[in-house]
> 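Pasting a structure here, questions to come.
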There are 2 protein chains.
Amino acid sequence: MSSAPRTARGRRTRERILESALKEFGKVGYHDASIVRITEGAGVAMGTFYLYFEGKLEVFNELVEDLNRRMRHRMTQAIAEAPDRLAAERAGFRAFFEFTTEYPQLYRIIRQAEFVSPDAMHLHYGRIVEGYRRALATASHDGEIAPIDPEVAAWALMGIGEIIGMRWILWQEKGDDGAPPIPEDVFEHTMDFITRALRPDAPVAPVETQE
Amino acid sequence: MSSAPRTARGRRTRERILESALKEFGKVGYHDASIVRITEGAGVAMGTFYLYFEGKLEVFNELVEDLNRRMRHRMTQAIAEAPDRLAAERAGFRAFFEFTTEYPQLYRIIRQAEFVSPDAMHLHYGRIVEGYRRALATASHDGEIAPIDPEVAAWALMGIGEIIGMRWILWQEKGDDGAPPIPEDVFEHTMDFITRALRPDAPVAPVETQE
DNA sequence: CGGATACCTGAATCACTATTCATGTTTTGT
DNA sequence: ACAAAACATGAATAGTGATTCAGGTATCCG
């Protein structure tokens with residue numbers, strides 16, 4: 001029976017296990033991840049794992065939820081100051097790519113979730129889309145972006161971010177210097193694509209443009 | 001030691017195993033797929049599997065390559081008659097969604113490939129992008145679409161198709177009637193998004209409205 | 001028929017690892 | 001100091017499932 005830690009020591013231990021599990025899952029995937037290796041990485045014995053977690057799946061789910069929360073927080077922060085929706089998209093994508101560079105594990109873990117934990121997967125995408133759709137709907141209504149369907153657009157934009165991140169961040173890890181961020185020109189091309197999709201239609205005003 | 005079948009009987013048996021493996025992988029994923037169940041589904045004994053395949057991974061790779069080829073073939077066929085790039089995109093996406101409806105396994109299998117067989121994954125995306133990029137580059141050069149970066153655009157479009165397919169085809173399977181295709185309005189919204197991203201810039205006519 | 005070739009069988013082997021639990025160790029409160 | 005409470009240990013258990021192999025069966029040919 002697993003239970004929550006009752007003291008600071010316990011909390012630290014639980015935290016170390018979680019950290020180690022993140023690394024392990026990110027490195028070898030859910031199925032090949034072994035509890036022994038996770039606990040070794042955390043510097044504890046196997047049994048300790050079961051003091052704080054029901055099993056492998058529970059850690060997995062907790063990691064998804066945790067990373068998802070952190071990611072959305074990052075993006076919300078990054079967007080906060082943006083003057084308009086297109087600026088928000090730029091800031092948001094930048095933050096997303098940065099987060100992916102920092103935690104490539106989230107991406108890897110989510111891809112696995114298809115079979116490991118469909119619930120975790122739905123939760124992940126669902127939470128992101130929820131806010132995204134609302135923001136796009138508002139911007140669309142206000143004329144800041146084109147009159148597109150916000151739900152479809154939210155998914156499309158998410159798909160773009162995911163695959164560009166996969167190609168230029170995850171497939172890159174050349175083990176060279178510290179973190180390999182996305183190439184600047186790729187970022188600009190991506191934003192160009194997105195801007196074209198979102199920007200309002202050019203006003204068909206024969207003479208005057210409206211504000 | 002596995003080897004190729006030498007007679008028609010052998011070829012049929014190998015084919016049945018492959019078919020059964022596709023179903024099994026698509027249903028429970030690579031790791032939980034069991035050779036016994038695959039062979040049972042094919043109506044042969046376990047040993048027969050190893051007559052034609054080195055092991056689990058080899059079937060997996062062969063399935064990826066096979067489905068990838070079929071998918072590209074379908075799309076190529078669908079696009080053939082298109083008068084311009086935007087029409088080609090429409091036909092291509094329709095074909096892609098149809099294929100995904102018919103073989104949801106491809107999607108599921110590719111998502112797993114991250115850890116199971118990175119090579120298979122790279123091959124899959126690489127082959128698709130290769131042709132796509134070339135087509136976009138030509139269209140862009142000819143002014144049929146906007147002057148975008150064809151490589152980034154190819155990946156972005158692929159990402160859109162993948163995630164929209166996931167959301168509205170794979171997450172739908174309500175087990176209702178035959179095949180649940182993508183809702184027509186979602187398809188139109190998707191094409192709208194793509195069209196906005198790709199269409200050439202409107203000429204900056206100072207006085208006249210453009211057609 | 002005889003025997004060569006291709007195909008097929010499935011119990012036995014082998015390697016792996018998640019989870020349990022009986023037993024220590026450390027910390028905390030008084 | 002001393003007993004709870006909390007935390008930690010890791011050998012043993014138990015279940016899994018991929019792969020092998022010693023022996024069949026089907027088919028064809030001269």
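Chain letters run A, B, ... following the sequence lines, proteins first and then strands; every chain starts at 1.
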> Please pick, from C:dT27, C:dT19, C:dT9, the nucleotide with the shortest atom-to-atom distance to any side-chain atom of A:Lys56.
C:dT19
> Please give, in whole Å, the distance from C:dA18 C1' to B:His31 NE2?
16 Å
> To the nearest Å, give me how far apart CZ (B:Arg14) and P (C:dA6) are.
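Distance, rounded to whole Å: 17 Å.
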> With salt bridge (Lys or Arg N to Asp or Glu O under 4.0 Å) as the test, would you mind laying out the steps for A:Glu130 and A:Arg134 before giving the verdict?
CA-CA 7 Å; A:Glu130 196 185 302; A:Arg134 223 192 322 261; 3.6 Å; yes
> Name the nucleic acid region contacted by A:Ala33, choosing base, sugar-phosphate or nothing; use a 4.0 angstrom heavy-atom cut-off, strictly under.
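The residue A:Ala33 makes sugar-phosphate contact but no base contact.
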> What is the distance from atom OG1 of A:Thr100 to atom CG of A:Leu170, rounded to the nearest 0.5 Å?
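A:Thr100 atom OG1 to A:Leu170 atom CG measures 7.0 Å (nearest 0.5 Å).
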> CG of A:Leu57 versus P of C:dA18: gap in Å, rounded?
13 Å
> Stepwise, does the side-chain hydrogen bond (donor to acceptor under 3.5 Å, both in side chains) test hold for A:Glu162 with A:Tyr125?
CA-CA 11 Å; A:Glu162 206 167 81; A:Tyr125 286 117; 2.7 Å; yes
> Would you mind classifying the nucleic acid contact of A:Tyr52 as base, sugar-phosphate or nothing, using non-hydrogen atoms under 4.0 angstrom?
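Contact class for A:Tyr52: sugar-phosphate only.
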> What is the distance, rounded to the nearest whole Å, between atom CD1 of B:Ile17 and atom C1' of C:dC8?
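The answer, rounded to whole Å, is 10 Å.
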> Within the pair B:Tyr50 and C:dC8, is there a side-chain N or O less than 4.0 Å away from OP1 or OP2?
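For C:dC8, OP1/OP2 do not have a side-chain N/O of B:Tyr50 under 4.0 Å.
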> On the ring face of A:Tyr103, is A:Arg70 found with NZ or CZ under 6.0 Å from the centre and within 45° of the axis?
yes
> How is B:Gly10 classified with respect to the nucleic acid when contacts are heavy atoms under 4.0 Å: base, sugar-phosphate, or nothing?
sugar-phosphate
> May I ask you to check whether B:Tyr132 and B:Glu89 show a side-chain donor-acceptor distance below 3.5 Å?
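Distance-only check passes for B:Tyr132 and B:Glu89.
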> Ignoring backbone atoms, establish whether B:Thr48 has a side-chain N or O less than 4.0 Å from OP1 or OP2 of C:dC7.
no
> When you list every nucleotide of DNA chain D with an atom under 4.0 Å from a heavy atom of chain B, which one comes first 5' to 3', and which comes last?
D:dA18 to D:dT20
> Do any N or O atoms from the side chain of A:Ser140 and from the backbone of A:Ala146 form a donor-acceptor pair under 3.5 angstrom?
yes
> Report the distance from atom CE of A:Met46 to atom P of C:dC16, rounded to the nearest whole Å.
15 Å
> Is the cationic atom of A:Arg94 (NZ for Lys, CZ for Arg) positioned less than 6.0 Å from the six-membered ring centroid of A:Phe187 and within 45 degrees of its normal?
yes
> To the nearest Å, give me how far apart CZ (A:Phe49) and P (C:dA18) are.
9 Å
> Verify side chain to side chain contact (heavy atoms under 4.5 Å, CB included) between A:Lys56 and A:Phe60, making sure each step is shown before the conclusion.
CA-CA 6 Å; A:Lys56 217 172 161 181; A:Phe60 183 88; over 6 Å; no
> Evaluate the salt bridge (Lys or Arg N to Asp or Glu O under 4.0 Å) criterion for residues A:Arg74 and A:Glu102: first the C-alpha distance (whole Å), next the side-chain angles of each, then the deciding distance (0.1 Å), finally the verdict.
CA-CA 12 Å; A:Arg74 270 282 192 91; A:Glu102 210 167 319; 2.8 Å; yes
> How many Å lie between CG on A:Leu51 and P on C:dT25, as a whole number?
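Rounding to the nearest Å, CG of A:Leu51 and P of C:dT25 are 17 Å apart.
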> For DNA chain C, what string of dots and brackets results from 5' to 3' when Watson-Crick and G-U pairs need both distances under 3.5 Å, crossing pairs get [ ], and pairs with another strand get |?
||||||||||||||||||||||||||||||
> A:Ala8 near the nucleic acid: base, sugar-phosphate alone, or nothing, with a heavy-atom cut-off under 4.0 Å?
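A:Ala8: no heavy atom of the nucleic acid under 4.0 Å.
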> Between A:Gly55 and B:Ser3, which residue's closest nucleotide on DNA chain C lies nearer the 5′ terminus?
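Looking at DNA chain C, the more 5' nearest nucleotide goes with B:Ser3.
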> Rounded to the nearest angstrom, tell me the gap between atom CD1 in B:Ile35 and atom C1' in C:dT9.
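After rounding, the gap between these two atoms is 16 Å.
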> Between the main-chain N or O of A:Ile38 and the side-chain N or O of A:Lys23, is there a donor-acceptor pair closer than 3.5 Å?
no
